[in-house]
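Since the structure comes first, as structure tokens, the remarks are kept for the end.
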Amino acid sequence: MAGKKLTCLDCGQVNRIPSEKLGAGPKCGTCGARLLSGKVAEVDLATLEKAARNDDLPLVVDFWAPWCGPCRQMAPQFAQAAGDLGGQARLVKLNTEDHPQAGAKYGIRGIPTMAAFAGGRERARQSGALPSAAIVQWVRQSLA
Ligand code: ZN
């Protein structure tokens with residue numbers, strides 16, 4: 001069956017979107033949230049694991065915390081990269097202060113750390129803040 005599986009980053013429902021509808025602003029069949037918003041979504045550990053495991057579109061996670069200055073500096077750069085990457089990958093962020101078990105689960109040693117998932121596994125990891133153009137380049141290289 002053609003199409004792509006996309007986990008709703010709002011409610012966690014796994015949606016299957018026909019290929020021809022991917023470019024037409026697909027929405028979650030359960031809660032109506034946009035699945036490809038081009039914006040950075042905040043996720044918890046359960047949603048992250050579900051999306052990383054199931055999604056047919058690459059997922060890039062920014063592990064961050066509010067007390068981390070470089071993380072806050074990178075936030076607008078990451079948001080810019082999310083828009084630039086559009087339908088190529090979805091960008092999400094996970095607050096390691098709110099979800100400390102996620103940092104342990106993924107072995108995050110320092111923040112900000114970005115991890116790129118595709119095809120059900122982690123493909124690349126990058127520590128330290130980057131400007132948006134470098135984030136976009138890193139994501140494309142990681143998924144090539
Ligand atoms: Zn939903």
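By convention here, the first residue in the shown sequence is residue 1. All ligand and atom numbering here is 1-based and tracks the order in the structure.
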Does F63 have any ring-ring contact (aromatic ring centres under 6.0 Å, His included) partners at least two apart in sequence or in another chain, and if so, which?
Y106
Using every non-hydrogen atom in the two residues, find where L59 and V92 come nearest and quote the distance to one decimal.
CD1-CG1, 3.9 Å
Give the intermediate values and the outcome of side-chain hydrogen bond (donor to acceptor under 3.5 Å, both in side chains) for residues N54 and T7.
CA-CA 7 Å; N54 293 304; T7 302; 4.6 Å; no
Give the cluster check for L130 versus V139: same hydrophobic cluster or not, with ILVMFWY residues linked at side-chain heavy-atom distances below 4.5 Å.
yes
With rounding to the nearest 0.5 angstrom, report the CG to CZ distance, L91 to F78.
4.0 Å
Side chain T47, main chain D44, donor-acceptor under 3.5 Å:
no
Around the Zn ion (ligand 1), what protein N, O or S atoms are found below 2.8 Å?
C8 SG, C11 SG, C28 SG, C31 SG
